[in-house]
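Letters A, B, ... mirror the listed sequences (proteins, then strands); counts begin at 1. All heavy atoms count here, side chains included; hydrogens, waters and symmetry mates do not. Quantities reported herein were computed from a predicted structural model and do not represent experimental measurements.
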Amino acid sequence: KAGVTQTPRYLIKTRGQQVTLSCSPISGHRSVSWYQQTPGQGLQFLFEYFSETQRNKGNFPGRFSGRQFSNSRSEMNVSTLELGDSALYLCASSARQGGETQYFGPGTRLLVL
Amino acid sequence: QQQVKQSPQSLIVQKGGISIINCAYENTAFDYFPWYQQFPGKGPALLIAIRPDVSEKKEGRFTISFNKSAKQFSLHIMDSQPGDSATYFCAAREVGSQGNLIFGKGTKLSVKP
């Protein structure tokens, strides 16, 4: 089985721009969670999607949003980028909503200049 | 927000030695405690996990010890190998959080040959 894939792997943006990241979960998995990883804050939960609906949300501003499609693929959008948004964005898939076993993708490295 | 505190930040162990990483949490409303291993340029990979009704779980060279009354859990890596050199994260899942994992800040392990 193919693992979780994320595209693009690297992105460079400037402040004020917006960005969309994509995640394809493991085949058959219907839950997708997003995490932000930074050296200072570590891994922080952004949100979880299941059956095209956001089920859970972390403590991030509304500039961070996402969606999930009927094939379980998910996108994450960050609007009005700030320097502090530079991070590794990780997507994790799970077989069911709130699934304990989460499989992470390799992440998208975002650099905001 | 609930926290999971992880120590040490970094650890150097000789090949064949025992690596010990500790985590403590502040809230009893956690029901699942996984450990993840992350290599540079990769996403975290689930290593081993435990539930609070079990005091110890062993999988190969990796053992989790869990002390519910002290709200602490630890990862022991026996016979540490250079290939174990990676960053290790403990995590905890809040009851009813529907999959939201709260991560420790990570421990960078270096195993010297």
Side-chain angles (χ1 to χ4, degrees), chain A residues 2-7 9-10 21 23-26 29-51 53-60 66 68 74 87-109, chain B residues 1-10 21 23-27 29-54 57 59 64 66 73 86-108:
Chain A
V4 178
T5 58
Q6 292 187 245
T7 56
R9 292 294 311 276
Y10 304 93
L21 313 181
C23 170
S24 292
I26 291 171
H29 284 195
R30 296 171 59 196
S31 169
V32 173
S33 297
W34 288 89
Y35 292 83
Q36 181 194 64
Q37 185 175 25
T38 60
Q41 298 300 317
L43 277 150
Q44 293 185 290
F45 173 77
L46 281 155
F47 28 66
E48 180 193 14
Y49 283 86
F50 181 82
S51 292
T53 302
Q54 188 181 92
R55 303 291 177 164
N56 199 4
K57 191 177 191 300
N59 188 26
F60 278 82
Q68 186 180 34
S74 177
L88 180 67
Y89 289 89
L90 292 158
C91 156
S93 84
S94 183
R96 61 184 189 278
Q97 180 187 348
E100 293 172 341
T101 305
Q102 298 190 22
Y103 298 88
F104 283 83
T108 294
R109 174 75 64 184
Chain B
Q1 186 183 1
Q2 315 304 337
Q3 286 193 346
V4 176
K5 296 183 179 178
Q6 184 172 346
S7 63
Q9 274 189 308
S10 62
I21 304 170
C23 284
Y25 60 98
E26 301 180 342
N27 186 288
F30 291 131
D31 63 356
Y32 176 70
F33 301 87
W35 284 87
Y36 281 82
Q37 179 189 56
Q38 186 176 28
F39 293 103
K42 305 285 188 183
L46 179 64
L47 197 59
I48 186 173
I50 199 168
R51 297 178 188 280
D53 55 348
V54 176
K57 183 175 181 180
E59 289 183 2
I64 299 179
F66 186 83
F73 57 110
T87 300
Y88 292 81
F89 295 92
C90 63
R93 187 183 74 165
E94 292 181 279
V95 172
S97 72
Q98 302 188 45
N100 176 12
L101 290 174
I102 297 172
F103 284 85
K105 291 291 180 73
T107 296
K108 186 173 183 180

To the nearest 0.5 angstrom, please state how far the OH atom of B:Tyr36 sits from the CZ atom of A:Phe104.
5.0 Å

Crowded around A:Tyr103 OH? As in, over 12 foreign heavy atoms under 6.0 Å?
no

Under 4.5 Å from any heavy atom of chain B - which part of A:Ser94:
neither

Any idea which of A:Gln41, A:Arg96, A:Arg109, A:Gln37 has the most non-hydrogen atom pairs under 4.5 angstrom with chain B?
A:Gln37

Note: B:Leu101 and A:Phe45 closest approach over all heavy atoms is O-CB, 4.2 Å

Does a sphere of radius 6.0 Å around CD in B:Glu59 hold more than 12 heavy atoms from other residues, nucleotides or ligands, not counting ones at 6.0 Å or beyond?
yes

Distance-minimising heavy-atom pair for B:Gly43 and A:Leu90
CA-CD2, 3.9 Å

Chi angles and distances behind the side chain to side chain contact (heavy atoms under 4.5 Å, CB included) call for A:Leu88, B:Gln38:
CA-CA 13 Å; A:Leu88 180 67; B:Gln38 186 176 28; 4.1 Å; yes

Relative to chain A, which segment of B:Lys42 carries a heavy atom at a distance below 4.5 Å: side chain, backbone, both, or neither?
backbone

Contact origin within B:Pro34 toward chain A - heavy atom pairs under 4.5 Å
neither

